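Questions regarding the structure given below will be posed in turn.
Model, not experiment: these values are computed from the prediction. Remember, it's 1-based here, ligands and their atoms both numbered in the order they're listed.
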Amino acid sequence: MRFDILTLFPETVDAVLSESIIGRARKNGLIEINAVNLRDFSEDRHRRVDDYPYGGGCGMVFMAPPVVKAIEERKKTFSETPLVIYMSPKGKPLCQSLVNELSQNDNYIILCGHYEGIDERILDYVDMEVSIGDYVLTGGEMPAAVLADALSRTVKGVLAEAEGYKGESHYDGLLEYPQYTRPEEFMGKKVPDVLLSGHHENVAKWRREKALSETLSKRPDLLKKAPLSEDDKKILAKLKRKKRP
Ligand code: ADE
């Protein structure tokens with residue numbers, strides 16, 4: 001999977017995507033991340049890429065010519081047409097199902113905005129706007145890193161275990177079951193017996209129940225969309241009865 005991230009701050013993007021699992025995947029060649037400086041596409045002798053907004057107002061706006069040139073020039077370097085994504089608070093909200101949908105692509109150009117926004121005409125060269133939540137950040141660098149990270153972990157071999165992300169929160173519409181590691185007892189609290197039993201079927205059953213109860217108590221909204229079996233529904237009904245005073 002390849003990402004070209006267009007930004008005024010390539011070092012920032014590169015730094016957050018160089019450690020741990022993503023850093024290793026880059027070294028192994030499973031993913032390629034190029035942090036591209038938008039200023040390299042400016043025709044201006046001061047390498048400017050922004051200007052004052054027409055109509056007045058505070059802040060600066062990215063100009064169309066250097067940004068569109070960056071998108072078009074980088075596009076030419078891909079063997080397959082990349083999906084062009086602009087990180088913006090006006091975009092489609094990012095969630096695991098959108099990550100899974102987007103991950104059908106192997107090539108991306110991600111544009112990071114800054115200041116007050118971008119010239120509206122740039123959007124003619126963008127396939128999709130994506131938001132990482134209903135709040136405004138100072139720039140698109142962190143959102144771009146969030147998206148690149150979430151997409152990278154869907155690439156086969158990036159996570160150590162092939163099935164690494166199965167059972168994780170949001171994988172199947174539920175939150176993940178609680179995890180425990182050594183010691184067996186901490187501050188008087190013991191690891192649930194079933195996890196020490198070695199009985200795989202009981203462990204799996206316990207985990208499913210806990211995933212359902214975690215979701216019910218922390219994110220009940222997710223249950224409306226989660227694919228639930230008849231057994232799941234029975235467990236939930238029991239949990240709800242227990243919750244009532
Ligand atoms: N840029 C600034 N805020 C953002 C957000 N919430 N999501 C994506 N890009 C952004």
Cys112, Ser88, Gly139: member with heavy atom nearest to atom 8 (C) of ligand 1:
Ser88

Mind checking whether Arg207 and Gln179 have side chains closer than 4.5 Å, heavy atoms only?
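Yes; the side chains approach each other to less than 4.5 Å.
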
Counting non-hydrogen protein atoms only, what is the nearest one to atom 3 (N) of ligand 1? Give residue, atom name and distance.
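Closest protein heavy atom to atom 3 (N) of ligand 1: Leu137 N, 3.0 Å.
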
Give the ring-plane orientation class for Tyr108 versus Phe3, where under 30° counts as parallel, over 60° as perpendicular and anything between as tilted.
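Correct class here is parallel.
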
Going by distance only, is there an N or O of Val136 that falls short of 3.5 Å from an N or O of ligand 1?
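Checking ligand 1 against Val136, no N or O pair falls under 3.5 Å apart.
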
What atoms of ligand 1 come within less than 4.0 Å of a heavy atom belonging to Pro143?
8 (C), 9 (N), 10 (C)

Result of checking Ile21, Leu159, Ile22 against Arg153 for side chain to side chain contact (heavy atoms under 4.5 Å, CB included):
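Testing each of Ile21, Leu159, Ile22 against Arg153, the sole residue satisfying side chain to side chain contact (heavy atoms under 4.5 Å, CB included) is Leu159.
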
Pick one: which of Tyr86, Phe9, Phe62 meets ring-ring contact (aromatic ring centres under 6.0 Å, His included) with His114?
Phe9

Show which atoms of ligand 1 fall inside a sub-4.0 Å distance from at least one heavy-atom site of Val130.
8 (C)

Worked verdict on Leu147 versus Ile132 for side-chain contact (heavy atoms from CB on, under 4.5 Å):
CA-CA 8 Å; Leu147 179 61; Ile132 62 159; 5.7 Å; no

Does one side chain, of Asp232 or Ser229, offer a donor that lies under 3.5 Å from an acceptor on the other?
yes

Which residue holds the protein heavy atom closest to atom 7 (N) of ligand 1, what is that atom called, and what is the gap in Å?
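I find the closest protein heavy atom is Ile132 N, 3.0 Å.
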
Measuring only between side-chain heavy atoms, which start at C-beta, is Ile118 closer than 4.5 Å to Leu111?
yes

Consider ligand 1: state whether an atom of it lies below 4.0 angstrom from any non-hydrogen atom of Gly91.
no

If we only consider heavy atoms of Thr138, is any one of them less than 4.0 Å away from an atom in ligand 1?
no

Heavy-atom gap Pro89 to ligand 1 smaller than 4.0 Å
yes

What protein heavy atom sits nearest atom 6 (N) of ligand 1, and how far off is it?
Tyr135 O, 2.8 Å

